[in-house]
Structures are given as C-alpha cells and as structure tokens.
Amino acid sequence: MMSNSSNQPFELEQNIAQWREFVLRRAAILEEDADELESHLRDQIDALLERGLHVDEAFLVATKRIGNLEAVSKEYAEVHAGRLWRNIVWGGDKQSWNTDFYLALLLACCAAVLFHLPKLFGFTPETHEWVFARNFMLFCLPMLGAYYVVKHQLGQRGWYWLIVASLGIATVINLMPWQDPSATQSLSLLHLPLFLWFLVGILYTGNWWQTDGRRMDFVRYSGEYAIYFVLLALGGAVLTALTIGMFSFIGMNIEWFAQQWLIPSGVMGAVIIVGWLVEAKQGAVENMAPVLARIFTPLFTLLLLTFLVIMLVSGRTFDVERELLIGLDALLIVVLGLVLYAVSSRESGKAPSLFDRLQWLLIVSALLVDLLALAAIASRIADMGFTANRTAALGENLILLVSLSGYAWLYWQFIRGQWSFALLEQWQTRLIPVYAIWAAIVVFIFPLIFGF
C-alpha cells in the first residue's frame, strides 16, 4: 500500500493516517472502530520497534498482524448488523457522505449541461449527429475523473492530467477528417469509452500503474460500477416510462421532452452518480460483481461447451459469418470479465476448490471458441484482404488468445498445487495496460492507417 525510498524518510504518522482512511472506507467500520484498530496498530508498532525493527518494517508487519480488512469489516458487520444497514444508506460519516454526494451531483449537472451546450450553437442530435457521437463520452467521463481528483485530493497534478488529457483527446477526435460512412470512425467511437475509462482509472487509483494491488482495486471498481450502472439505468427507464404514462393520462405528450432532454441528461448524470455510489458503498456488504461471477460462471461454461459441440457436429467449424463473429467476441469479452472479477474476489491463500476447476473449464472453453473465431477471421482475410474491421477483430482476438492462454496455464498450475494464486493475480493486473494500449491504437492509429 505504501512505498519507501532511500532518499525519503518513512513518515509514520502520514502512513498511519492513510491506513486509517483506507479502513474507514469499509462502511461497517465507524470512527470509534477505527480508533480501536489504530490503537492496536500503534501498540504493535511500538512492540516491534523495541525489538529493533526499522520504523517502515514495523509498520508493514503491524498492518499484517491487524488482519485482512475485509474479514474485519465482516466481523464488525455481524456484531453491528443494524448499524451496518444504516451505514449503507447514510455512510459512516454523514457529513462526508453529504459532501461527496453534493460534489457528485454538481458534476453530474455539469455533464448534463455539457451535453446540451452544442444546442446553443445550432448543433442538434438530429442535424449534427457526428458532434454528439464523437463527444458523447467526453461530456461525462472527464466529470467522473474530476470527482476523483477532488475526493482523492490529487491536487494540481491530478487537474493537469485530467484537463490536458481531456482537451487533447477531444481535439484529436473532432478534427479527424473521417469520411461518411467510415469504418474507422465507428471503431474509434466504440473503443474511445474503453480508453477514457483507463484514464479515469488512473485518477481513481492515483498510482495504479505502479502496483498490482492498485490495479486490482481498479478491476473490482469497474465490475461494481458496471452492475450499479445497469441497475440505475433500469430504474431510470421505469421512471421515464411512468412519467410519460402519467402525463399522457391528462392529455399531454412529453415523449419529445424525454427523448431530447430527460434521457440524455439522466445518462450523463448517472455516469458520475454511479461513481459516487460505488465509492460510498464500498465494503458495506459482499460486492456484487464477484457474486454474479460465481452465479454465471457455470451457465457460461455450459453455453460455450454446447456451442462448441454444435459447431463440431454441424460441420460449420470454419464457416462463421461476420455477425456471428461479432457475437462471439462480445461473448468472450463477457467471459473475460467474469474471470477478472472471480480472480479479484478470491483470497490468495485458499486451496484450490471446485469453483476454481469450473473456472478453468470456462477459460479453456473460451480459449477454444477464440481459436475458432481466429480461424474464421484468418479465412476471411485470406479471401477478401485486410480492412479496418477485420484487422480490429484479428487484433482483439489475438489479445484474448494471449490473455486466456495465460489464465488457462496459470490456473492449471495452481489447481495442481505447483504455483501460487498470486501469479494469476499478477498476470491479470499486468495485462491491463495492454488493453488500454490496444484501445488507443484503434482510436488514434487506425484512422491514419486506413485513410479515415
């Protein structure tokens, strides 16, 4: 969690304060609980210093002895169940909860205003669709980044990173002379949210590229974010439908208002509100993404195995149409997400279980499907040559091949008891920059290679 340098003295109080802040992110733990844990921590440090350890060594050993914070959080939750559910609603520190919420609400409003700002200059989604298509995620994701700059106190460096990156990307995206229609424009706009998400990840974690632990935090955060966003979107859809229905009863048609103002503003604002929600509820109860990963892992395993059997029996192994290839890639990405969240939620020290073996079977099945897709893509390229879409599909499936192959091998060695689970975690976290780099290549390099 912390690092020390030979050129910088170890600041004990600063590190204890950061550790305490991390503890308080668990909603089951209040200030008085943190006081008790900090007291134990200081006692451990004092005892270790008396035995001759350096201050940085004493701090690290003492934090280990305090125990796993997730386990501590669950223990407090069991003892104070009623208090835990109050915290889920209000947070451990109501004043901090209010401050964070109002900050998120302000930035959500800013994102909604940014979406509608082009209308003041005569640009509308109907007449200038390209303006909104190119800037849709640029209206909201920088606002989410701004939330973490303020909340995590990243200072001038954080603001500089956010502003320069956002303005630079917006300038390049809007100045590209894309033809109409353009395959590279579609690919760029599909991959731009992924690239921007990694930039948000840098602001969320601060130094995420330097440590495996921070990258793993980003993986967990991304899974929870996706689930909360879907839930919020479903709730918003129901609310919008009820609103339109109620006004229709009194003879007023407000569908135009919902389509042009309410829904776009809600989507823009939801991007920031969900970020606040995930942060506020972190550690309150069992995270949702790993739980869903356990539910859907056997189902997706059955789906992939059934698909492979049908493909082999029907003799259509290498006769795969473009639409099916797109569906296969989407399925493989979902499977990769399931693996990511399952790995991120597992305790490294536990022995291999039945679920680990099922996870390995899912990975192997996905790997076989990916090889099938690669064979089909290679066949199409051999027959019709390279295009932007085929090249993107080839690159993405090659990345999936490398990723899934590593997972399959490392999981197998772990199940056999040859290697530790930590190697799987390292494989997962160190591949994250590869995904970001590939997204950047598709967004910025593909238009140049394929003539926009």
Side-chain angles (χ1 to χ4, degrees), residues 68 70-71 201 208-209 211-224 226-227 286-309 311-312 328-375 395-438:
N68 183 284
E70 295 295 340
W208 76 288
W209 63 88
T211 64
D212 292 333
R214 299 302 285 159
R215 295 183 193 183
M216 190 68 81
D217 286 343
F218 179 48
V219 171
R220 297 187 186 101
Y221 167 81
S222 299
E224 296 298 310
I227 293 171
E286 181 74 22
N287 288 341
M288 297 171 66
V291 173
L292 292 180
R294 284 186 170 269
I295 294 173
F296 283 101
T297 289
L299 299 178
F300 274 91
T301 304
L302 180 62
L303 171 62
L304 290 177
L305 289 174
T306 304
F307 174 80
L308 287 169
V309 170
M311 291 292 287
L312 291 172
L328 283 179
D329 284 346
L331 178 61
L332 290 174
I333 291 171
V334 172
V335 169
L336 183 61
L338 288 175
V339 176
L340 284 170
Y341 304 135
V343 171
S344 70
S345 64
R346 192 189 189 283
E347 293 185 20
S348 300
K350 284 189 175 180
S353 64
L354 177 61
F355 181 77
D356 291 311
R357 292 171 173 81
L358 186 60
Q359 190 82 6
W360 178 80
L361 184 59
L362 173 65
I363 294 168
V364 172
S365 302
L367 184 58
L368 292 174
V369 171
D370 187 49
L371 289 171
L372 176 67
L374 277 170
E396 286 164 8
N397 280 275
L398 286 173
I399 291 174
L400 285 170
L401 177 67
V402 172
S403 180
L404 293 170
S405 297
Y407 275 121
W409 175 249
L410 292 170
Y411 241 121
W412 178 245
Q413 295 299 324
F414 169 67
I415 291 171
R416 293 177 58 208
Q418 300 297 314
W419 292 345
S420 71
F421 193 79
L423 293 175
L424 259 168
E425 295 176 331
Q426 291 177 3
W427 175 257
Q428 172 167 293
T429 56
R430 293 176 185 181
L431 275 177
I432 292 177
V434 175
Y435 306 141
I437 292 170
W438 173 250

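If you read the sequence from its start, that first residue is 1, and numbering goes on from there.
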Scan the side chains in residues 363-375 for donor-acceptor partners under 3.5 Å anywhere in the protein, sequence neighbours excluded, and list what turns up.
unit_1, atom_1, unit_2, atom_2, d
Ser365, OG, Leu361, O, 2.8
Asp370, OD2, Leu401, N, 3.1

Original post:
Does atom CZ of Phe296 have more than 12 heavy-atom neighbours, drawn from other residues, nucleotides or ligands, at distances under 6.0 Å?
Top reply: no

Original post:
Roughly how far, to the nearest 0.5 Å, is CD of Gln413 from CD1 of Ile415?
Top reply: 10.0 Å

**OP:** Evaluate the ring planes of Tyr221 and Phe218, with Trp represented by its six-membered ring, and classify them as parallel (under 30°), tilted (30 to 60°) or perpendicular (over 60°).
**Re:** parallel

**OP:** Mind checking the CZ-OG1 spacing from Phe355 to Thr297? Nearest 0.5 Å is all I need.
**Re:** 4.0 Å

**OP:** Can you measure from CG (Leu398) to OG (Ser403) and round to the nearest 0.5 angstrom?
**Re:** 12.5 Å

Subject >> Residue pair Leu303 / Leu331, side-chain heavy-atom distance below 4.5 Å >> reply: yes

Subject >> Separation between CG of Leu404 and OH of Tyr407, rounded to the nearest 0.5 Å >> reply: 8.5 Å

Subject >> From CA spacing to verdict: side-chain contact (heavy atoms from CB on, under 4.5 Å), Trp360, Asp356 >> reply: CA-CA 6 Å; Trp360 178 80; Asp356 291 311; over 6 Å; no

Subject >> Intermediate values then yes/no, side-chain contact (heavy atoms from CB on, under 4.5 Å), Gln418 and Trp412 >> reply: CA-CA 9 Å; Gln418 300 297 314; Trp412 178 245; over 6 Å; no

Original post:
For Phe300, which of Val339, Leu305, Val334 qualifies under side-chain contact (heavy atoms from CB on, under 4.5 Å)?
Top reply: Val334

Subject >> Worked check of side-chain contact (heavy atoms from CB on, under 4.5 Å) between Tyr411 and Trp427 >> reply: CA-CA 11 Å; Tyr411 241 121; Trp427 175 257; over 6 Å; no

Subject >> Pair Ile399-Leu431, side-chain contact (heavy atoms from CB on, under 4.5 Å): steps then yes or no >> reply: CA-CA 9 Å; Ile399 291 174; Leu431 275 177; over 6 Å; no

**OP:** State which residues pass side chain to side chain contact (heavy atoms under 4.5 Å, CB included) with Leu302; sequence neighbours excluded, sorted by chain then number.
**Re:** Thr306

**OP:** Supply the atom-to-atom distance Leu358 CG to Thr301 OG1, rounded to the nearest 0.5 angstrom.
**Re:** 4.5 Å

Subject >> Interatomic distance, Ile227 atom CD1 to Ser222 atom OG [nearest 0.5 angstrom] >> reply: 11.0 Å

Original post:
More than 12 heavy atoms of other residues, nucleotides or ligands under 6.0 Å from CH2 of Trp409: is that the case?
Top reply: no

